Protein chains: 2
Amino acid sequence: MPAPTLPSEQSAAALIAACGGRITRTRLAVLGILRDSAHSLSHDDIAAQLLALDVHHDRVTLYRTLDWLVEQGLAHRVSGPDRAWRFNSGRDNAGAHAHFHCDRCGHIVCLESIRPDESLALPAGYRPERAELVFHGTCPDCGRRRAEDA
Amino acid sequence: MPAPTLPSEQSAAALIAACGGRITRTRLAVLGILRDSAHSLSHDDIAAQLLALDVHHDRVTLYRTLDWLVEQGLAHRVSGPDRAWRFNSGRDNAGAHAHFHCDRCGHIVCLESIRPDESLALPAGYRPERAELVFHGTCPDCGRRRAEDA
DNA sequence: TCACTAATGCAACATTGTAGCATTTCAGCG
DNA sequence: CGCTGAAATGCTACAATGTTGCATTAGTGA
């Protein structure tokens, strides 16, 4: 019986090889996890999935693997609401709609109905892959709470 | 000779008192610094300015002071490119234009010519104070470097 | 199979932020 | 003005996230 394999691992191996990198179990598993996920994952999320898949790994190795994937363009790094990076495999739909970020309580809400305008012209040389539109302000809960304080 | 006083400290004291908080040297100085700055400052930036003003303080006290200012609505907390918060006194112009965030090298570039559309309708209860438009992708430098690699 | 080196694993460190608790200091009051 | 109680501070220790250096392991090509 072969080792457990994620559905997208075959193409993952090809992608890794195409970058001139060695094909290792950590890279295969991490890239597979990222490609199977619909949204961005934190280092911690990925570590948990690796554990579930019985892929032994080291914290530092995971950081370096993710750095390498980002450097090769196989993954993207985005900064989350807390002070931790999120990673995704490029085509995810997290950036397709706008977000509301409450500066009072720090919560982030998806505004599915609003989409950023991606047609704006950027200066030469910049190659945008997605646009992120974030509104900052006060959310309904915090607005209410503040009114009660007064 | 009186202690050095920032230009906006008078009104800062009034703002603090209006929130029902005690007027302390740390709050006066921090709020003054934020109000005098045109852009968002990190905890570290603020600590450096406090040091320059000879306002003795503790790391933890500064965190708690900033938390309190944010809670009272006297300051805003925004997440920076690195995993550290930035603080500002509300009306700053950092959000008035779009930014380009290179996912490869992590650098952030201001795109002065592009401004987010603030006229979009948000769901009821949300009170936006500013909109942030960030393009993610590859910057000219990284695009060139990647072409050379191939 | 062998050798070379990329990749890993480990330990120690750096940065950013929090929790608990004793001490200081602000602000109201006699 | 000098007390007094609670708010604010300062200290120590801790937690979360990420990085550096270096010895060891393991892919890859021959």
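The model shown is predicted, which means the values in this text are computed figures rather than measured ones.
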Could you check how far NE2 of A:H56 sits from P of D:dA26, rounded to whole Å? 11 Å
Whole angstroms only, please: what is the NE2-P distance between B:H43 and C:dT15? 13 Å
Quickly work out the B:Y63 OH to D:dG10 P distance and round it to whole Å. 15 Å
From the set D:dT17, D:dC11, C:dC10, return the single nucleotide nearest to any side-chain atom of B:R64. D:dC11
Nearest-Å distance for atom pair CH2/C1', residues A:W68 and C:dT8: 14 Å
Just the rounded figure in Å: distance from C1' of C:dT25 to CG of B:D58. 15 Å
Atom CG of A:D44 and atom C1' of D:dT17: how far apart are they, to the nearest Å? 10 Å
Return the value, rounded to whole Å, for the distance between atom CZ of A:R77 and atom P of D:dG18. 9 Å
So what does B:W85 touch, heavy atoms closer than 4.0 Å: a base, only the sugar-phosphate, or nothing? sugar-phosphate
Which nucleotide, C:dC10, D:dG18, D:dT9, lies nearest any side-chain atom of B:R25? D:dT9
Among the nucleotides D:dG10, C:dG9, D:dT17, which one has an atom lying closest to any side-chain atom of A:H57? C:dG9
Is it the case that the side chain of B:D67 and the backbone of B:R64 share a donor-acceptor pair, with hydrogens and angles ignored and the cut-off at 3.5 Å? no
Nearest heavy-atom approach of A:L66 to A:H43 is CD1-ND1, 4.3 Å
If every non-hydrogen atom of A:H76 is compared with every non-hydrogen atom of A:V70, which pair is closest and at what distance? C-CG2, 4.3 Å
Minimal heavy-atom distance between A:V55 and A:A29, with the atoms involved, is CG2-CB, 4.0 Å
Rounded to the Å, how far apart are B:L28 CG and C:dT25 P? 16 Å
A:V60 side-chain proximity, nearest of C:dC10, C:dT15, D:dG10: C:dC10
Looking at every strand, decide which applies to A:R59 at a 4.0 Å heavy-atom threshold: base, sugar-phosphate, or nothing. base
What N/O pairs connect the protein and nucleotides 27-30 of chain C at under 3.5 Å? Give each pair on its own line.
from, atom 1, to, atom 2, distance (Å)
C:dA27, OP1, B:I23, N, 2.7

Side chain of A:T65 - closest among C:dC10, C:dT8, D:dG10: C:dT8
Can you tell me which nucleotide in D:dT19, D:dT9, C:dT8 comes closest to the side chain of B:T26? D:dT9
